[in-house]
Protein chains: 2
Amino acid sequence: MARGPDKQFDPEEVLREAMCLFWAKGYAATGLAELQSAMGIGRKSLYDTFGNKRQLFLKALQLYSETVASRVVTELGRKGSALGNVRRLLRKLQREHSQPQSTGCLLGVSMAQFRTADPEMAAVLRLHLSHVEEAYYGAFKRARAAGELGSTTNLRDLARLYMAIHQGLALIGRVQDVPAVPRSIVSAALAILESA
Amino acid sequence: MARGPDKQFDPEEVLREAMCLFWAKGYAATGLAELQSAMGIGRKSLYDTFGNKRQLFLKALQLYSETVASRVVTELGRKGSALGNVRRLLRKLQREHSQPQSTGCLLGVSMAQFRTADPEMAAVLRLHLSHVEEAYYGAFKRARAAGELGSTTNLRDLARLYMAIHQGLALIGRVQDVPAVPRSIVSAALAILESA
DNA sequence: CCAAACATAGACCGATCGGTCAATAAAAAA
DNA sequence: TTTTTTATTGACCGATCGGTCTATGTTTGG
């Protein structure tokens with residue numbers, strides 16, 4: 001048997017480029033021409049490697065989800081004060097979503113575009129949301145054990161609220177160029193924890 | 001001078017149909033064929049009346065914004081307890097965004113699709129956000145005057161947080177079919193007010 | 001050296017996109 | 001009625017869409 005030449009590109013690397021393009025422009029507004037230009041590969045290679053546009057997007061979505069989710073988990077799982085971790089993470093998000101060219105969250109953008117129409121797509125989105133929720137829930141549970149949170153607050157509800165704030169912040173950061181708004185949102189979100 | 005026949009349709013009525021379609025499917029995914037079918041008018045009439053697809057969408061966006069914003073203002077401006085108004089509004093939102101076919105918020109969907117790339121579009125989105133923010137701010141200010149809110153809380157921050165929760169809830173409701181999640185979000189959001 | 005197996009570039013496909021235009025119908029002013 | 005203005009319809013336009021396929025390397029096993 002014979003073997004041809006190896007791929008001249010790293011699939012994950014070009015996938016990351018595609019992800020960034022989808023992230024900034026959305027699914028429908030991103031054409032194949034732009035994609036192959038940003039990815040730096042020919043169209044045949046694209047289809048041979050990723051199937052089609054929808055599958056490429058799904059893979060990009062999963063890559064994004066893994067990247068973001070693992071980051072949230074890591075940030076919230078650090079040693080030390082669990083509430084301190086939450087505060088640090090939210091302040092970072094605030095800074096990121098205050099930048100004028102902030103593209104928000106690819107997951108959020110995608111939720112807006114597909115809804116439950118595409119089951120496979122919806123599954124990825126739901127899974128990601130639950131990952132974020134669990135990360136916050138774990139942090140809050142640890143905070144309570146450490147006496148950082150009162151015993152009356154419903155931690156599951158609180159975690160879901162933070163997930164919503166997380167997404168809302170990203171969404172608003174996409175359109176709002178005034179840094180004061182994200183700052184307010186995060187400040188108020190953190191103030192909750194002081195009296196909870 | 002002579003005058004021809006009047007329009008055989010009500011522009012605002014067909015605009016509302018277009019709005020619903022954009023709402024459910026997003027801008028790019030909604031084609032002219034679908035639009036003229038849903039609106040029940042010919043293509044020439046569509047272009048004569050609304051300009052082009054983008055302008056049609058802008059008009060739909062403004063119609064939606066007016067509808068929603070005026071509703072929020074009305075709900076939060078009712079007589080009686082200001083915090084009671086906030087609670088009632090959030091419970092209503094919870095119910096709406098728990099329904100499986102919830103399409104979320106057209107403004108949120110649009111934020112995800114255009115960002116600041118289109119200045120005119122971004123202006124409508126920002127204006128809407130500020131309307132919602134002001135409605136909440138007014139309610140909170142009234143609540144403080146009535147002694148329903150402590151004097152330490154920053155009301156501007158709180159209003160912006162509620163705006164973010166408002167949008168986040170709508171976004172998540174689009175993809176999440178489990179009613180427990182919106183319920184949790186709203187419960188936790190209302191719990192904030194108890195100790196603020 | 002040859003041939004099988006691979007990857008590449010880019011021409012090419014039908015379908016659909018947003019947008020325009022000519023032909024027809026209809027109604028009011030003269 | 002005749003004329004003028006308007007609305008409606010549906011054919012039509014070039015451009016672009018996502019997707020395929022052929023022609024051309026290029027590399028490795030025989």
Side-chain angles (χ1 to χ4, degrees), chain A residues 1-61 106 109-110 113-114 117-118 120-121, chain B residues 1-61 106 109-110 113-114 117-118 120-121:
Chain A
M1 299 292 270
R3 262 198 60 254
D6 283 339
K7 279 188 161 49
Q8 296 179 1
F9 59 90
D10 174 11
E12 185 165 325
E13 195 175 320
V14 303
L15 179 58
R16 182 156 264 117
E17 291 299 324
M19 183 190 84
C20 291
L21 206 57
F22 280 131
W23 192 1
K25 306 197 52 175
Y27 177 78
T30 306
L32 269 303
E34 286 173 293
L35 279 170
Q36 64 179 317
S37 150
M39 298 166 82
I41 66 177
R43 190 166 291 206
K44 186 72 173 18
S45 305
L46 199 161
Y47 276 82
D48 282 350
T49 311
F50 300 104
N52 58 26
K53 190 191 177 187
R54 184 180 158 281
Q55 288 170 14
L56 170 65
F57 182 79
L58 259 170
K59 290 201 173 68
L61 205 59
L106 176 58
V109 171
S110 307
Q113 293 180 352
F114 296 101
D118 186 329
E120 207 171 347
M121 213 74 88
Chain B
M1 300 293 268
R3 265 198 56 254
D6 284 341
K7 280 187 161 53
Q8 295 179 0
F9 58 91
D10 174 11
E12 185 164 322
E13 194 175 321
V14 303
L15 179 58
R16 182 155 264 116
E17 291 298 325
M19 183 190 84
C20 290
L21 207 57
F22 280 132
W23 192 1
K25 305 196 50 173
Y27 178 79
T30 306
L32 268 303
E34 285 174 294
L35 279 170
Q36 65 179 316
S37 151
M39 298 166 83
I41 66 178
R43 191 166 293 204
K44 185 76 174 11
S45 306
L46 199 161
Y47 275 82
D48 283 349
T49 311
F50 300 103
N52 57 27
K53 189 190 176 185
R54 184 180 158 278
Q55 288 170 14
L56 171 65
F57 183 78
L58 258 169
K59 290 200 172 69
L61 206 58
L106 177 58
V109 172
S110 308
Q113 292 181 353
F114 296 101
D118 186 328
E120 207 170 347
M121 213 75 87

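To find a chain, count down the sequence lines: A is the first, B the second, and so on, and within it residues start at 1.
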Problem set entry | Gap between atoms CD and C1', on A:Q36 and D:dT16 respectively (whole Å) | 13 Å
For this session: Using a 4.0 Å cut-off on protein heavy atoms (strictly under), produce a 5'-to-3' string for nucleotides 18-23 of chain C with B for base contact, S for backbone-only sugar-phosphate contact, and - for none.
Result: BBBB--
Seminar exercise, completed: Heavy-atom nearest pair, B:S45 first then B:F9, reads CB-CE2, 4.0 Å
Exercise. ring-ring contact (aromatic ring centres under 6.0 Å, His included) with A:F57: which residues, sequence neighbours excluded?
Worked result: A:F22, A:Y27, A:F114
Problem set entry | Partners meeting side chain to side chain donor-acceptor pair (under 3.5 Å) with A:K59 (sequence neighbours left out) | none
Seminar exercise, completed: Those residues at least two apart in sequence (or on a different chain) that pass side chain to side chain donor-acceptor pair (under 3.5 Å) with B:E34 are B:K25
For this session: May I ask you to list the residues of residues 14-24 of chain B, by number, that have any heavy atom positioned under 4.0 Å from an atom of DNA chain D?
Result: none
For this session: Using the test ring-ring contact (aromatic ring centres under 6.0 Å, His included), find all partners of B:Y47 that sit at least two apart in sequence or belong to another chain.
Result: none
Exercise. For the pair made of CZ in A:F50 and C1' in D:dG19, what is the distance, rounded to whole Å?
Worked result: 16 Å
Problem set entry | All side chain to side chain donor-acceptor pair (under 3.5 Å) counterparts of B:E120, not counting sequence neighbours | B:R54
Problem set entry | A:S45 side-chain N/O to C:dT8 phosphate OP1/OP2 under 4.0 Å | yes
Exercise. Quick one: A:L56 CG to D:dG19 C1', roughly how many Å, whole number?
Worked result: 13 Å
Problem set entry | Residue list, salt bridge (charged side-chain N to carboxylate O under 4.0 Å, His left out) with B:E12, at least two apart or on another chain | B:R16
For this session: Provide, to the nearest angstrom, the distance between the CG atom belonging to A:D48 and the P atom belonging to C:dG10.
Result: 16 Å
Exercise. Partners of B:K53 by side chain to side chain donor-acceptor pair (under 3.5 Å), sequence neighbours excluded?
Worked result: none
